[in-house]
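Some notes on the structure that comes next.
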Amino acid sequence: MPALLHSHEVSQLLELVQDQPGSTSVFLDLLGQIKDRVAAAIDADPLVAERLGGNRHRLIDIEFREEEQKVADAQVSVRLAEAVIYDYDRSVLVIAVLDLRAGVVEAIVERPGVQPALTAEERDEAYELVVADDRYEALRARGPVDMVALPARAAQIEENPRFGHRLFQLYFWSRGDAPARVGQAAVDLSTREVVSTDEARGTASGPQTQAPHN
């Protein structure tokens, strides 16, 4: 497999870090190119495809780190990428670890119950689910609002039916010089449904019908 990170790019990244903040845009552009390569490698990797098994999923983030590994009785520094993938059908976070130099997936691990922040795409999906619900007609009529998303407690409780789900509580704020909270909701992106805030907090045993809180 072709390398996903080249020596001259490592040197360039290090130089750009030294030139911050003036080089921020160039640094982020180069980092984005490397992330795009990692994402393409993940999409094409048969081990990742086998683990996901055709399930609905989304690439949440790509993180980079270095690790000391023993190679031929010597300790060498290996640059790795961790592709953070959420499997919605199994409600579990999947981490694919890639060797950037070799361009191959070294390991795939699962982290049940771990909830990274929502991506921009997930935030958009969550908002659309809420405003499509007739209980939130007033929020829909308001037009654009700001939204704060926090992991819901129910997704952290092992005995809860929504344990591990991509379940978030959403708080909506008006825009302008004097923002005010104009509503709240809870969305389970694993099941693509709006749930009651009590259920999201883990204080209700099953699906509930609940009007929005203002």
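Count residues from 1 along the sequence.
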Completion exercise
salt bridge (charged side-chain N to carboxylate O under 4.0 Å, His left out) filter on R90, not counting sequence neighbours, yields D87, E110
Completion exercise
Minimal heavy-atom distance between V187 and A126, with the atoms involved, is CG2-O, 3.9 Å
Practice task
Would you check if there is a donor-acceptor pair between the side chains of E15 and S11 at a distance under 3.5 Å?
Solution key: no
Handout entry: Residues forming a side-chain contact (heavy atoms from CB on, under 4.5 Å) with A185, sequence neighbours excluded
Key = V130, Y136, F172
Exercise for the section: Check ring-ring contact (aromatic ring centres under 6.0 Å, His included) between F168 and all other residues, then give those that pass, not counting sequence neighbours. Expected result: none
Practice task
For D19, enumerate each residue passing the salt bridge (charged side-chain N to carboxylate O under 4.0 Å, His left out) test, keeping only those at least two apart in sequence or located in another chain.
Solution key: none
Handout entry: Under the salt bridge (charged side-chain N to carboxylate O under 4.0 Å, His left out) test, residues paired with E125 that sit two or more places apart
Key = R58, R192
Problem - Set of residues satisfying side-chain contact (heavy atoms from CB on, under 4.5 Å) with respect to S91, sequence neighbours excluded - result: Y86, H165, S190
Exercise for the section: Kindly state each residue pair satisfying salt bridge (charged side-chain N to carboxylate O under 4.0 Å, His left out) with at least one member in residues 143-159, sequence neighbours excluded. Expected result: D146-R175
Handout entry: Hydrophobic cluster of I157, others only, ordered by chain and residue number, side-chain cut-off 4.5 Å
Key = none
Fill in the blank from the handout: Applying ring-ring contact (aromatic ring centres under 6.0 Å, His included) to F27 and not counting sequence neighbours gives none
Practice task
Kindly indicate whether the side chain of T197, heavy atoms from C-beta on, has any atom under 4.5 Å from the side chain of Q169.
Solution key: yes
Handout entry: CD (E66) with more than 12 external heavy atoms under 6.0 Å
Key = yes
Exercise for the section: Please examine the side chains of D43 and L59, heavy atoms only from C-beta on, and report whether any two atoms are closer than 4.5 Å. Expected result: no
Fill in the blank from the handout: Sorted by chain and residue number, the salt bridge (charged side-chain N to carboxylate O under 4.0 Å, His left out) partners of D45 (sequence neighbours excluded) come out as none
Fill in the blank from the handout: In short, salt bridge (charged side-chain N to carboxylate O under 4.0 Å, His left out) pairs touching residues 23-37 with sequence neighbours left out are E9-R37, K35-D61
Practice task
Hydrophobic side-chain clustering at under 4.5 Å (ILVMFWY, transitive links): who's grouped with V148? Put none if nobody.
Solution key: L150, Y171, W173
